[in-house]
Amino acid sequence: MNRIKKLRQKRGLSIEQLSNELKKKGVSISPASISKYEREARNPKIENWDALANYFNVSVSYITGASNDPNKNNGRLKRIRNDKDLSLQQVADAYNKEADNISAFNHTEKHINAQTIEKIESGEYQPNQREWQLLAWGLNVPEFYLAGRSNDKIGWQEWAEATGHSSESLQQEVKRLIDTGRLDKEADIQDQINCAVKSLDFHAPTTTSGVINGVQSRLIELRRYVNNAFLISKPSKLGNSDINIIKPGDTEIRSDMDEEAYNKLIDIINNARWEIGKIHPKK
């Protein structure tokens, strides 16, 4: 039986009553959505899994079916920490480093300490989605596995959902890169998958198309380099105002640069891009 339905019936609630109870806690999940969850016609969003698990006071891994243990402490954070031989403080430091990486301007991600990591491991504190994400990034493990939403330790499906590539194509690309000597089979699996994604997106020189795209990108950079060296924006005036206005694209050759040389360089770069664009790789 679906665990959401099982937990709901155990509390003697109708679908409508469960929806109303969640609403009292500030969570909006319609009866129609709950019905679809129970019939497995639709999977809840991550925040709805969290809300349902918190309401029934069970772990996310239990309500999703990834674990048979209803206790909120799924033990995975502690097991991963021990496997990596990390202290509570080292996990907190890894989390805080990731938090700093995504902090910008007036938005600053909060730091956590070793005591918070200990509370997560004991089940006293349930992280929200962003906190699970930062922990997963810091530990270089799949977020869904760490949070107990999946038993996939590698995170193939998580990568698939994030990139649009199927888990099968990601696995095949990792194998191809290893078989052709482009990847070290002993490298961290998450790094391997990241390389496979870049390869499949043609953002790495691991396929003919990837090399072509890389050359085109460098030609665009080279054209920008030439433009920056030769061109300068021309100021213009509005009426009798003394305020100079720089119009986008309104440029001229710098007085100390050769205009004929500039035109030849740009023609060569553009022609190269045109000719390379006509290459249609067979593999």
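Nothing here was measured: the structure is a model prediction, and the numbers come from that model. All heavy atoms count here, side chains included; hydrogens, waters and symmetry mates do not. We number each residue from 1, following the sequence as shown.
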Next item on the list: Return yes if some donor-acceptor pair links the side-chain N/O of Ser217 with the main-chain N/O of Asn213 below 3.5 Å, else return no.
Entry: yes
Margin query: Quick one: does any side-chain atom of Gln216 pair with a main-chain N or O of Arg273 as donor and acceptor, under 3.5 Å?
Written below: yes
Item checked: Rounded distance [0.5 Å steps], CG in Leu139 versus CD in Glu98 -> 9.5 Å
Item checked: Same cluster (ILVMFWY, side-chain, under 4.5 Å), Ile220 and Val226 -> no
Notebook entry, point to check: Under 4.5 Å between any side-chain heavy atoms of Tyr55 and Val27, yes or no?
Noted result: no
Notebook entry, point to check: Would you find more than 12 non-hydrogen atoms of other residues, nucleotides or ligands less than 6.0 Å from Glu259 atom CD?
Noted result: no
Notebook entry, point to check: Under a 4.5 Å side-chain heavy-atom rule over Ile, Leu, Val, Met, Phe, Trp and Tyr, are Leu22 and Trp49 clustered together?
Noted result: yes
Notebook entry, point to check: Any idea which heavy atoms bring Ser169 and Leu200 closest together, and the distance?
Noted result: O-CD1, 4.1 Å
Check: Quick one: does Gln192's side chain have a donor or acceptor within less than 3.5 Å of a partner on Ala187's backbone?
Finding: yes
Check: Between Ile276 and Leu265, is there a shared hydrophobic cluster once you connect ILVMFWY residues whose side-chain heavy atoms come closer than 4.5 Å?
Finding: yes
Item checked: Asp50 vs Asn128 side-chain heavy atoms within contact, under 4.5 Å -> no
Note to self: Looking at every non-hydrogen atom in both residues, tell me the closest pair between Ser209 and Pro281 and how far apart they are.
What the structure shows: OG-CG, 3.3 Å
Note to self: Is there a salt bridge (charged side-chain N to carboxylate O under 4.0 Å, His left out) between Arg11 and Glu21? Walk through the geometry before answering.
What the structure shows: CA-CA 12 Å; Arg11 290 208 180 182; Glu21 288 297 312; over 6 Å; no
Check: For Ser199 and Thr207, which heavy atoms make the closest approach, and how far apart are they?
Finding: OG-CG2, 3.8 Å
Check: To the nearest 0.5 Å, what is the distance between CD1 (Ile266) and CD1 (Ile269)?
Finding: 5.0 Å
Item checked: Linked, directly or transitively: Leu177 and Ile154 (ILVMFWY side chains, under 4.5 Å) -> yes
Next item on the list: Kindly say whether Val197 contributes a backbone atom to a donor-acceptor pair with the side chain of Thr163 at under 3.5 angstrom?
Entry: no
Margin query: Checking the side chain of Glu158 only, and the main-chain atoms of Phe144 only, is there a donor and an acceptor separated by less than 3.5 Å?
Written below: yes
Check: With no hydrogens and no angle check, do the side chains of Ser103 and Asp100 hold a donor and an acceptor under 3.5 Å apart?
Finding: no
Check: Using a distance-only test with no angle check, is there a side-chain donor-acceptor pair under 3.5 angstrom linking Asn140 and Asp188?
Finding: yes
Check: Out of curiosity, Leu183 CG to Asp191 CG, how far, rounded to the nearest 0.5 Å?
Finding: 9.0 Å
Notebook entry, point to check: For Arg218, does the CZ atom sit with more than 12 other heavy atoms under 6.0 Å from it, leaving out its own atoms?
Noted result: no
Item checked: Main-chain N/O of Glu16 paired with Asn20 side-chain donor or acceptor, under 3.5 Å -> yes
Checklist line | CG (Asn82) with more than 12 external heavy atoms under 6.0 Å | finding: yes
Item checked: Between CG on residue Asp258 and CD1 on residue Ile253, distance to nearest 0.5 Å -> 9.0 Å
Notebook entry, point to check: Would you say Ile189 and Trp156 make side-chain contact, with heavy atoms under 4.5 Å?
Noted result: yes
Next item on the list: Apply side-chain contact (heavy atoms from CB on, under 4.5 Å) to Ile112 and Tyr95, showing your working.
Entry: CA-CA 7 Å; Ile112 61 174; Tyr95 176 103; 3.4 Å; yes
Margin query: With a 4.0 Å cut-off on N to O distance, would you call Glu173 and Arg176 a salt bridge?
Written below: yes
Note to self: If I take atom CD from residue Glu109 and atom CD1 from residue Ile102, how far apart are they, to the nearest 0.5 angstrom?
What the structure shows: 4.0 Å
Next item on the list: Answer yes or no: is there a side-chain heavy-atom contact under 4.5 Å between Tyr37 and Ile63?
Entry: no
Item checked: Separation between OG1 of Thr208 and CZ of Phe202, rounded to the nearest 0.5 Å -> 9.5 Å
Item checked: Nearest atoms (heavy-atom pairs only) where Ala160 meets Leu170 -> N-CD1, 3.9 Å
Check: Should Arg39 and Asn2 be marked as a side chain to side chain donor-acceptor pair (under 3.5 Å) after you check the CA-CA gap, both sets of side-chain angles, and the distance that decides it?
Finding: CA-CA 8 Å; Arg39 291 184 283 110; Asn2 178 282; over 6 Å; no
Note to self: Between Gln157 and Glu161, is there a side-chain heavy-atom distance shorter than 4.5 Å?
What the structure shows: yes
Item checked: Backbone of Leu86 reached by a side-chain donor or acceptor of Arg81 within 3.5 Å -> yes
Next item on the list: Give a yes or no on whether the backbone of Leu13 and the side-chain of Arg8 come within a donor-acceptor separation of less than 3.5 Å.
Entry: yes
Check: If Ile, Leu, Val, Met, Phe, Trp and Tyr residues are connected whenever their side-chain heavy atoms lie under 4.5 Å apart, and connections chain through other members, are Trp137 and Trp159 in the same group?
Finding: no
Next item on the list: Please report the C-alpha distance between Ile117 and Leu135 in whole Å, then the side-chain angles of each, then the deciding distance to 0.1 Å, and finally whether the side-chain contact (heavy atoms from CB on, under 4.5 Å) criterion is met.
Entry: CA-CA 10 Å; Ile117 300 299; Leu135 277 170; 3.8 Å; yes
Notebook entry, point to check: Got Val215 and Ile212 here, is their nearest side-chain heavy-atom distance under 4.5 Å?
Noted result: no
Next item on the list: Mark yes or no for whether Arg42, through its side chain, and Ser33, through its backbone, hold a donor-acceptor pair below 3.5 Å.
Entry: no
Margin query: Tell me whether Arg3 forms a cation-pi arrangement with Tyr62, defined as NZ or CZ under 6.0 Å from the six-membered ring centre and within 45 degrees of its axis.
Written below: yes
Checklist line | side-chain contact (heavy atoms from CB on, under 4.5 Å) between Glu38 and Ile15, worked out | finding: CA-CA 10 Å; Glu38 293 188 356; Ile15 289 177; 3.9 Å; yes
Next item on the list: Evaluate side-chain contact (heavy atoms from CB on, under 4.5 Å) for Gln190 paired with Val141, printing each intermediate quantity in order.
Entry: CA-CA 7 Å; Gln190 302 303 316; Val141 296; 6.0 Å; no
Note to self: So which atom in Pro127 and which in Ile120 form the shortest heavy-atom distance, rounded to 0.1 Å?
What the structure shows: CG-CD1, 3.7 Å
Check: Given Tyr125, which of Glu131, Gln115, Lys119 fulfils the side-chain hydrogen bond (donor to acceptor under 3.5 Å, both in side chains) condition?
Finding: Glu131
Next item on the list: Would you mind checking if Lys278 and Glu275 are paired as a salt bridge, meaning a charged N to carboxylate O distance below 4.0 Å?
Entry: yes
Notebook entry, point to check: Is a side-chain N or O of Asn96 found less than 3.5 angstrom from the main chain of Ala92, in a donor-acceptor match?
Noted result: yes
Note to self: With a 6.0 Å cut-off (strictly less than), is the heavy-atom count around NZ of Lys84, excluding the residue itself, greater than 12?
What the structure shows: yes
Next item on the list: Indicate the atoms forming the closest heavy-atom contact of Leu146 with Ala136, along with that distance.
Entry: CD2-N, 3.6 Å
Check: If you count the non-hydrogen atoms of other residues, nucleotides and ligands that lie under 6.0 Å from CD in Gln171, is the total more than 12?
Finding: yes
